[in-house]
Amino acid sequence: MFLSELGSAWHDARIEPEITHLDSASAGRSSNAVIEAITGHLWEESRHGSYVAMDAAEQMLERGSRELAALIGHHSDELVYRDTARAALRAMLGVANLPVASTVWVAKNEFGPNLVEFERRGFSVHTLPAASVYGHVDTDALENMLQFEQPDFIHVCHIGSASGIVQPVAEIVEIAHAADVPVVVDMAQAVGHVPTITGADIVYGTSRKWLTGPRGVGFVAIRADSRLRVEITDMEAGTTAGFIAGRLGLGAAVGELIGLGPQAVFDELAAIGRATRERLTGIGSWEVVEPVDEPSALVTLAPPPGFEAADVIAAANHLRDAGLLVTPALPERTPLMLDNAVLRLSPHLDAKREDLDRLASELRTMGYRS
Ligand SMILES: *Cc1c(COP(=O)(O)O)cnc(C)c1O
């Protein structure tokens, strides 16, 4: 039985998977319509020529951009596409009007590769205090800190790669803007998963995770009045039209999300996350890391005592052999918060009660190092 009322519609829109896919945080399963939007366009390119096919698809492309922009609280003319979220961040930082030694404040759940991008550019990175052991930004502390000092920008992962906590981005934005500090949001794990209209100056993300669009499409949106000045025309200069079929696939995926009702999807994913955490609490000395009712479907399990990263990887491999696809998330993904690997589960709307039962029984037998 599906955990979500939307589960059967979501399931019916896709082929039958050969594995219990609990890995949307790596890449969600695309629907048949998304795959057809991509392949259909590839055939059109071969039939008519790529640029002719692109012109013919113009209205669909515009619609896709309009709907994606609406989902993240931007206008479509503020969107720029790249291959990945990281490429979008790099492109943005490459033309942002930032001083040589910039200061950026980040949250505890910051994505390791983003820190590498900041360090590579010589930014001085400070970690914001957390309100609890879970790593949510302490917004009162932030407000106080901003009275004494203002970074060049605040960068927040709305949801990180190896933690299901959801940062209070709208509140962070409000506080930062009161001090005239720009906020840049990594929405790679948030878009299609939780509400993403936050008022942030700049947001970026990827098609392939919770939106279940294709791999190979990332995006960044820069508000026209962004406090961090980025000339969007500088970013578009030098890009060719890019992966048009992929953008059409992303547009189809966003269209399906809108068809299901974004808020209903977000509510159901939160309920699935909760059910997953409830079911797995106290199983075989694996420990659910997030608060049970954290409103996301990204769930991490800290390993039993004595497990090292290699053991967590072995556990994920064992689960895969048992037909359950999950990720062993190494601490490099979330270096400010994790010092050991965790198992990451990220079910989508087709999650079933039986899947969680099987996962629980497999985990129970893996409580000890082999
Ligand atoms: C996956 C992920 C990214 C990177 O996305 P790419 O499209 O692979 O560049 C960035 N931030 C977070 C939090 C992620 O989980």
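These numbers were taken from a predicted model, which means no experiment stands behind them. Just so you know, ligand 1 is whichever comes first in the structure, and atom 1 is the first atom listed for that ligand. We're numbering straight along the sequence, starting at 1.
- Taking the six-membered ring for Trp and thresholds of 30 and 60 degrees, W210 and H348 have ring planes inclined between 30 and 60 degrees apart.
- Sequence neighbours left out, the pairs with a member in residues 250-260 that pass side-chain hydrogen bond (donor to acceptor under 3.5 Å, both in side chains) are S31-E256.
- With contacts defined as side-chain heavy-atom distances shorter than 4.5 Å, the pair I159/N109 does not qualify.
- Here F2 pairs with H11 under the ring-ring contact (aromatic ring centres under 6.0 Å, His included) rule; sequence neighbours left out.
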As a test of reading the model: which N/O atoms of the protein lie under 3.5 Å from N/O atoms of ligand 1, and at what distance?
residue: ligand 1; atom: 7 (O); partner: A85; partner atom: N; Å: 2.8
residue: ligand 1; atom: 7 (O); partner: T206; partner atom: OG1; Å: 3.4
residue: ligand 1; atom: 7 (O); partner: R208; partner atom: NH1; Å: 3.1
residue: ligand 1; atom: 8 (O); partner: R208; partner atom: NH1; Å: 3.1
residue: ligand 1; atom: 8 (O); partner: R208; partner atom: NH2; Å: 3.3
residue: ligand 1; atom: 9 (O); partner: A85; partner atom: N; Å: 3.2
residue: ligand 1; atom: 9 (O); partner: R86; partner atom: N; Å: 2.8
residue: ligand 1; atom: 11 (N); partner: D186; partner atom: OD1; Å: 3.3
residue: ligand 1; atom: 11 (N); partner: D186; partner atom: OD2; Å: 2.6
residue: ligand 1; atom: 15 (O); partner: Q189; partner atom: NE2; Å: 2.9
residue: ligand 1; atom: 15 (O); partner: K209; partner atom: NZ; Å: 2.9

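- For E5, the CD atom sits in a loose shell: 12 or fewer heavy atoms of surrounding residues, nucleotides or ligands are nearer than 6.0 Å.
- Applying the side-chain hydrogen bond (donor to acceptor under 3.5 Å, both in side chains) rule to S30 yields no partners; only residues at least two apart in sequence or on another chain are considered.
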